[in-house]
4 protein chains.
Amino acid sequence: MQTVATLLQATARILVEEGAERLTTNHLARKSGFSIGTIYQYFPNREAIVLALIERQRSKVRERIALVMQDRTGSVEERLRRIVRTLHDAFNLHRNADQRLTFALLRLAIAHGLPTPTDAIAEAIVAVWRDAQDAEHRPLNASETFVLTRSVIEVLRHATLHGSPLLETVEFEDAILRLILGFLREEARPAGPDA
Amino acid sequence: MQTVATLLQATARILVEEGAERLTTNHLARKSGFSIGTIYQYFPNREAIVLALIERQRSKVRERIALVMQDRTGSVEERLRRIVRTLHDAFNLHRNADQRLTFALLRLAIAHGLPTPTDAIAEAIVAVWRDAQDAEHRPLNASETFVLTRSVIEVLRHATLHGSPLLETVEFEDAILRLILGFLREEARPAGPDA
Amino acid sequence: MQTVATLLQATARILVEEGAERLTTNHLARKSGFSIGTIYQYFPNREAIVLALIERQRSKVRERIALVMQDRTGSVEERLRRIVRTLHDAFNLHRNADQRLTFALLRLAIAHGLPTPTDAIAEAIVAVWRDAQDAEHRPLNASETFVLTRSVIEVLRHATLHGSPLLETVEFEDAILRLILGFLREEARPAGPDA
Amino acid sequence: MQTVATLLQATARILVEEGAERLTTNHLARKSGFSIGTIYQYFPNREAIVLALIERQRSKVRERIALVMQDRTGSVEERLRRIVRTLHDAFNLHRNADQRLTFALLRLAIAHGLPTPTDAIAEAIVAVWRDAQDAEHRPLNASETFVLTRSVIEVLRHATLHGSPLLETVEFEDAILRLILGFLREEARPAGPDA
DNA sequence: CATGAATGAGAATTCATTCAT
DNA sequence: TATGAATGAATTCTCATTCAT
């Protein structure tokens with residue numbers, strides 16, 4: 001629906017330009033050009049508007065991840081780097097407005113108790129590793145999967161949330177890749193003298 | 001002040017037993033046994049109460065970390081494991097009530113835009129690595145430090161925030177250690193053809 | 001009109017199944033299968049719908065009373081009992097759904113300031129008495145007529161409104177008859193010393 | 001409390017002068033001279049204000065009834081007449097303002113589903129009868145008690161609710177007395193030829 | 001130091017009604 | 001006739017904060 005799209009767009013604009021605390025139903029009505037009544041024709045309550053916006057953004061991320069996953073060419077490192085880069089994009093690092101929106105939505109998602117939807121990303125990383133695995137590798141257990149996938153997502157989320165300037169550097173991408181590869185390869189390695 | 005302590009204690013109790021949305025100044029007055037007026041004798045506004053509680057909790061963590069850091073015995077792995085275990089404790093994994101408080105304070109800290117105070121931990125981990133480092137190791141750059149330290153903290157914070165049952169397992173601690181060690185050792189390793 | 005009948009039927013269903021406070025125009029539209037616009041084609045405003053439903057129910061009662069009045073056979077007691085029994089039925093005591101509707105409509109009639117339409121019943125009772133009256137009886141004055149007729153109606157209305165279980169007993173009917181007969185015969189009786 | 005009294009007084013004034021539909025919390029605040037916040041310091045919600053006013057009025061009636069009951073002198077007829085007269089007063093028949101308030105409160109009581117509190121009056125009437133009873137009288141059963149007491153109350157309530165001018169006549173009081181006495185004496189009477 | 005009655009801006013939500021199609 | 005998206009005035013209620021005592 002056109003009206004819903006307009007309302008979500010206005011919601012995003014308020015979030016970006018004025019902050020979450022100014023996102024009141026009356027203010028949204030004014031800004032969107034619709035009346036309060038109209039908002040409540042399409043959303044049962046204020047929370048639902050925010051949740052719809054979060055969901056819309058998340059589904060976009062899911063689509064991008066799915067797209068990247070279809071490309072099975074290249075080495076493990078190359079494939080993992082593609083995933084990392086996609087996440088980078090997914091967190092909207094490039095345009096300032098979008099970054100602010102991501103920022104706001106992340107906060108709201110936490111405030112509303114929504115879990116970070118890492119399922120797709122988790123699967124992606126683990127799948128690449130599984131594909132490349134020779135017989136000698138033990139599959140990752142629950143804790144390992146959790147730590148590996150969440151650490152990647154959370155470090156990105158954290159950097160986004162605090163607007164770290166490192167986010168735009170290649171070094172940052174390299175460091176994340178190092179985190180993933182180091183973790184995955186660690187098992188194979190014999191315990192050295194210094195550890 | 002005794003009064004301030006009582007107020008913060010009551011604040012914590014409300015957070016744990018009733019949730020952040022019930023933490024209103026009037027309710028705090030009723031629960032603490034003081035009047036609203038008294039609250040405003042000690043805190044300029046509502047936000048200050050929450051921030052004071054967060055700060056109190058954070059200083060406790062800082063103290064524990066500092067304590068652990070003083071113990072420079074053992075291998076790199078042992079020292080890192082001690083740090084990880086301290087963090088575990090710091091996130092109050094054992095007693096349920098405290099976990100709920102940590103949970104609530106994390107959310108509030110995010111809502112108030114407070115940065116996660118990883119400085120002490122970051123220093124701790126990096127210092128251990130530096131101590132053990134031979135000449136051939138290149139020091140970590142800004143992105144690497146950021147990724148390594150935040151990933152550890154954020155994965156713990158995330159697990160706490162969502163009440164993951166993995167938190168109480170040894171496997172989880174092992175996985176975090178693997179994350180750290182894998183990252184640190186990764187540089188030294190020659191890039192293999194498949195990875 | 002078929003449409004009007006359907007709308008009133010849906011109104012009754014909402015009143016019975018969900019209560020008066022859920023009787024909103026939008027809800028009625030949804031439940032009736034018509035659009036809000038259509039409702040306003042047939043009724044000038046919300047109140048008119050309720051009033052139409054009340055009127056429909058009242059005309060049914062009037063019809064029944066008129067029918068009973070045509071039967072002039074039997075003793076005074078028998079004829080009065082027939083009237084009382086008709087009122088019983090009129091208040092829809094038997095089927096639960098109808099009782100709820102009566103209940104709801106009574107409340108609404110009061111809320112809208114509608115007078116209880118006792119005219120027909122009043123006439124019926126007084127007429128029976130007048131018919132059987134011998135010369136020695138003084139006709140009822142305005143206050144007496146009022147008190148006699150309203151007391152019967154109001155006691156029934158009250159019992160209905162509060163869902164009294166007595167309503168379904170024969171004793172209850174007997175008591176109402178006793179109220180009427182006692183009142184009518186009281187005049188004739190010589191005042192005793194103690195009563 | 002002075003504030004509560006002022007608020008209830010303002011509530012009564014609005015009810016009398018402007019009608020129940022104008023009794024909004026904001027309007028009450030304006031009229032009472034207090035702020036909305038103050039209203040909510042003393043009442044949990046809008047309904048509670050109305051209920052408090054109803055309860056206050058009812059307790060006044062209860063007190064008057066209790067007072068009249070203490071006087072056990074005179075014949076049954078005299079004692080019953082005293083009760084009837086008290087009810088008359090209780091329904092505030094004399095001053096116009098009070099009548100409007102009674103009117104409004106009655107409607108509100110019905111709208112809020114409150115039962116008419118006839119207990120005290122019921123007891124009063126039945127007790128007088130019981131006191132005067134000789135051995136030959138059968139005590140009233142549940143239906144009889146219900147019909148007798150409610151008919152008296154409801155006919156008064158009805159007359160008040162519709163502002164009947166009969167209320168101020170002696171005839172009216174006589175008629176009610178006739179209703180009571182007729183009912184009570186009816187049992188003793190042998191079925192005559194005309195009934 | 002402590003109190004707590006009073007404040008009032010402002011938030012979410014409802015619902016009867018309109019009107020262009 | 002019928003539709004239903006849009007309206008917006010009005011309502012209830014919350015809660016941080018003030019200030020006279």
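Per chain, numbering begins at 1; letters A, B, ... match sequence-line order. Keep in mind it's a predicted model, so treat the numbers as computed, not measured.
- C/Thr38 has a side-chain polar atom (N or O) that falls below the 4.0 Å cut-off from OP1 or OP2 of F/dT3.
- Not a single donor-acceptor pair, N or O on each side, falls under 3.5 Å between the base of F/dA10 and the side chain of D/Asn26.
- Scanning atom types as modelled, one donor and one acceptor separated by under 3.5 angstrom connect the side chain of C/Gln41 and the base of F/dA2.
- Paired with C/Ile49 under the rule side chain to side chain contact (heavy atoms under 4.5 Å, CB included), one option of C/Val4, C/Leu7, C/Ile39, C/Ile54 passes, and it is C/Ile39.
- For B/Tyr40, counting side-chain heavy atoms from C-beta on, the closest listed nucleotide (F/dT12, E/dT13, F/dA16) is F/dA16.
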(request) Return one dot-bracket line describing DNA chain E 5' to 3' (Watson-Crick or G-U wobble pairs, both distances under 3.5 Å; ( ) same strand, [ ] crossing, | another strand, . none). (result) .||||||||||||||||||||
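- Of the candidate nucleotides F/dT7, F/dT12, E/dT13, F/dT12 has the atom lying nearest to any side-chain atom of D/Arg46.
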(request) Go through the steps for D/Thr6 and D/Thr3 under the test side chain to side chain donor-acceptor pair (under 3.5 Å), then give the verdict. (result) CA-CA 5 Å; D/Thr6 307; D/Thr3 307; over 6 Å; no
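- Counting heavy atoms of neighbouring residues, nucleotides and ligands inside a 6.0 Å radius, atom CZ of C/Arg107 exceeds 12 of them.
- At least one side-chain nitrogen or oxygen of A/Thr25 sits closer than 4.0 Å to the OP1 or OP2 atom of E/dA12.
- With the nearest nucleotide of DNA chain F identified for both C/Gly37 and A/Gly37, C/Gly37 has the one nearer the 5' end.
- Contact check, A/Ser35 against F/dG8: no side-chain N or O comes under 4.0 Å of OP1 or OP2.
- Note on D/Thr24: every side-chain N or O is 4.0 Å or more away from OP1 and OP2 of F/dA10.
- Heavy-atom contacts from other residues, nucleotides or ligands closer than 6.0 Å to CZ of A/Arg13 number 12 or fewer.
- One atom, CG of B/Leu28, and another, C1' of F/dT14, lie 16 Å apart when rounded to the nearest Å.
- A close approach under 4.0 Å does occur between a side-chain nitrogen or oxygen of B/Tyr42 and OP1 or OP2 of E/dA2.
- Of the options A/Leu106, A/Thr11, A/Val16, a side chain to side chain contact (heavy atoms under 4.5 Å, CB included) to A/Leu101 is made by A/Val16 and by none of the others.
- When every heavy atom of A/Thr38 is checked against every heavy atom of A/Tyr42, the shortest pair comes out as O-CD1, 3.2 Å.
- Around atom CD of C/Glu21, more than 12 heavy atoms belonging to other residues, nucleotides or ligands sit under 6.0 Å away.
- Both B/Pro44 and A/Ile36 lie close to DNA chain F; mapped to their nearest nucleotides by heavy-atom distance, the more 5′-ward contact belongs to A/Ile36.
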